[in-house]
Asker: 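Dropping a structure here in structure tokens format, bear with me for questions.
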Amino acid sequence: MQRNYYIGVMSGTSLDGVDVALMDFSASPATLIAADVTPFPADLREKLTALLRDGQTDLQQLGELDHQLGLLYADCINAFLRKHNIAPEEVRAVGCHGQTVWHSPQGRFPFTMQLGDMNLVAAKTGITVIGDFRRKDMAYGGQGAPLVPAFHQGLFACAERLTVVLNIGGISNISVLISNRPVIGYDTGVGNALMDSWIEKHRGQSYDKNGEWAQSGQVNSELLAELLAEPYLTQAPPKSTGRELFNLAWLDKKLAKHTALSAQDVQATLAEFTALSTVLQLRALEEDCALPRLLLVCGGGAKNAFLMSRFRQLLPHWTVSSTGEFGLDEDYVEAAAFAWLAYCRVQNLPSNLPSVTGAKSAVVLGVIYPKASGESVFDM
Ligand SMILES: Nc1ncnc2c1ncn2[C@@H]1O[C@H](COP(=O)(O)OP(=O)(O)OP(=O)(O)O)[C@@H](O)[C@H]1O
Ligand SMILES: CC(=O)N[C@H]1[C@@H]2OC[C@@H](O2)[C@@H](O)[C@@H]1O[C@H](C)C(=O)O
């Protein structure tokens with residue numbers, strides 16, 4: 001059978017690296033052919049961390065970051081093609097998310113900003129690139145996020161069970177899949193972002209491997225209650241958030257009354273906060289649906305053994321597993337989803353779910369940046 005290759009590229013809110021996934025859409029279900037992650041160069045990570053921390057920049061720096069990210073994505077794709085012996089001509093299109101530097105879906109002038117010049121990516125790879133996936137949904141009144149629930153639905157929905165796909169990246173988001181009901185999906189709140197920032201501040205490590213440091217501390221119930229009182233958590237969907245809200249400045253305010261707490265107790269409380277802010281949402285679903293319940297975790301948080309054990313303890317009536325056990329490597333679900341979003345763009349298929357983002361209608365997402373030859377992606 002003829003292959004139908006698309007590449008998805010994702011660099012998420014954790015700023016840990018650039019994920020590249022090659023998907024084949026020639027048969028259903030689509031298959032992941034190969035995937036790799038490239039860590040962010042330290043200088044770029046530093047600049048982006050600073051930008052995400054306070055949103056302060058100038059136009060020169062913003063433009064340069066846009067260029068630098070475009071080059072990085074192109075390098076990652078070209079290295080990927082070389083490593084896996086794939087010619088650019090074999091790939092119909094690349095779906096590239098770009099780097100979210102600010103997400104502000106509420107307010108008088110809602111916007112979401114992803115950097116990374118897709119013109120550069122197309123020019124340097126020789127492959128047609130599709131980018132700017134979120135803003136069409138926003139133009140139709142949606143949150144512009146999360147976009148992966150439609151992809152989750154296609155891969156993991158099953159009539160005999162309630163399936164929830166939970167992505168634990170810097171931010172966590174869920175997709176609730178119950179047959180014959182519209183998909184529910186939203187950002188539940190913080191994923192790894194606060195645990196990452198806290199361990200970086202106190203121990204100079206970029207993340208808490210397997211949650212070992214968190215496990216060594218004690219959860220402080222007063223602090224936990226204050227974290228859980230964040231209004232975003234009880235806001236009704238559609239909703240989406242980011243590191244503009246959940247950052248060290250937010251945490252510092254909550255810690256003001258807890259100056260005597262040890263750093264590892266704070267980490268333990270942050271881990272519990274990450275788990276509970278999702279678990280409370282899932283418990284509410286239990287009243288609504290009597291089907292067997294499956295929680296499928298993906299994203300870097302799926303590798304945090306301590307966090308996964310907390311989900312199992314807190315959700316005794318659920319089977320807790322990872323997407324990897326159900327056919328798609330948990331590290332590459334988002335990158336695979338952007339390959340699928342590119343595929344939808346080329347097929348002119350709508351890919352947002354109004355039940356999730358709140359958009360007025362389902363629309364075709366993504367802007368096409370054609371490769372240099374002028375050959376249309378639709379002619380391949
Ligand atoms: N072995 C591990 N133990 C604990 N945490 C881990 C482990 N491996 C990865 N992580 C966490 O996963 C994070 C990366 O997750 P991921 O790549 O899914 O995030 P992202 O895609 O950048 O975020 P988002 O989905 O919000 O855009 C790391 O920053 C780290 O906190
Ligand atoms: C604005 C933005 O980049 N949002 C990301 C982020 O990372 C996780 C969560 O917050 C999710 O809403 C979204 O990414 C995934 C890929 C999505 O759109 O489904």
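The residues of the chain are indexed from 1 along the displayed sequence. Note that ligands are numbered from 1 as they come in the structure, with each ligand's atoms numbered from 1 the same way.
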Asker: Side chain or backbone of Asn167 under 4.0 Å from ligand 1, or both, or neither, by non-hydrogen atoms?
Answerer: side chain
Asker: Pick, from Ala271, Ser14, Ala145, the option with the minimum heavy-atom distance to atom 19 (O) of ligand 1.
Answerer: Ser14
Asker: Find all atoms of ligand 1 within a distance of less than 4.0 Å from any non-hydrogen atom belonging to Ile171, and give their numbers and elements.
Answerer: 26 (O)
Asker: May I ask you to check whether Pro149 has an N/O atom sitting below 3.5 Å from an N/O atom of ligand 2?
Answerer: no
Asker: For ligand 1, which atoms sit closer than 4.0 Å to a heavy atom of Gly170?
Answerer: 19 (O), 23 (O), 24 (P), 26 (O)
Asker: Among all the protein's non-hydrogen atoms, which is closest to atom 3 (O) of ligand 2, and how far away is it?
Answerer: Thr100 OG1, 2.6 Å
Asker: Is there any N or O on Ser11 that sits under 3.5 Å from an N or O of ligand 1?
Answerer: no
Asker: State the atoms of ligand 2, each with its element, that fall below the 4.0 Å cut-off from a heavy-atom position in His103.
Answerer: 1 (C)
Asker: Would you indicate which of Asp196, Ile199, Asp16 comes nearest to atom 29 (O) of ligand 1 when only heavy atoms are counted?
Answerer: Asp196
Asker: Which residue supplies the protein heavy atom nearest to atom 10 (N) of ligand 1, what is that atom called, and how far is it?
Answerer: Gly300 O, 3.4 Å
Asker: Would you say ligand 1 has an N or O under 3.5 Å from any N or O of Lys209?
Answerer: no
Asker: Closer than 4.0 Å to some heavy atom of Arg134 - which atoms of ligand 2 meet that?
Answerer: 1 (C), 2 (C), 3 (O), 4 (N), 5 (C), 13 (C), 14 (O), 15 (C), 16 (C), 17 (C), 18 (O)
Asker: Can you confirm, on distance only, whether ligand 2 has an N/O atom lying under 3.5 Å from any N/O atom belonging to Met10?
Answerer: no
Asker: Record the part of Met195 in heavy-atom contact with ligand 1 below 4.0 Å; permitted values are side chain, backbone, both and neither.
Answerer: neither
Asker: Tell me, with the steps shown, if Lys124 and Leu71 meet side-chain contact (heavy atoms from CB on, under 4.5 Å).
Answerer: CA-CA 8 Å; Lys124 295 209 169 281; Leu71 290 181; 3.4 Å; yes
Asker: Could you list which atoms of ligand 2 come closer than 4.0 Å to a heavy atom of Val148?
Answerer: 16 (C), 17 (C), 19 (O)
Asker: Report yes if some N/O of Ser240 lies less than 3.5 Å from some N/O of ligand 2; otherwise report no.
Answerer: no
Asker: Could you pull out all residues at least two apart from Asp36 that satisfy salt bridge (Lys or Arg N to Asp or Glu O under 4.0 Å)?
Answerer: Lys83
Asker: Counting only N and O atoms by type, is there a donor-acceptor contact under 3.5 Å from the side chain of Gln143 to the main-chain atoms of Ala145?
Answerer: no
Asker: Would you say ligand 1 has an N or O under 3.5 Å from any N or O of Met10?
Answerer: no
Asker: Among Phe151, Tyr6, Phe338, whose ring pair (Phe, Tyr, Trp, His ring centres under 6.0 Å) with Tyr343 holds?
Answerer: Tyr6
Asker: Taking 4.0 Å as the limit for heavy-atom contacts, which would you say applies to Thr13 with ligand 1: side chain only, backbone only, both, or neither?
Answerer: both
Asker: Polar contacts were defined as any N/O atom of the residue lying under 3.5 Å from an N/O atom of the ligand; does this apply to Glu334 and ligand 1?
Answerer: yes
Asker: Against heavy atoms of Gly299, which atoms of ligand 1 measure under 4.0 Å?
Answerer: 18 (O)
Asker: Identify, by atom number and element, the atoms of ligand 2 in contact range of Ala145, meaning under 4.0 Å from any of its heavy atoms.
Answerer: 12 (O)
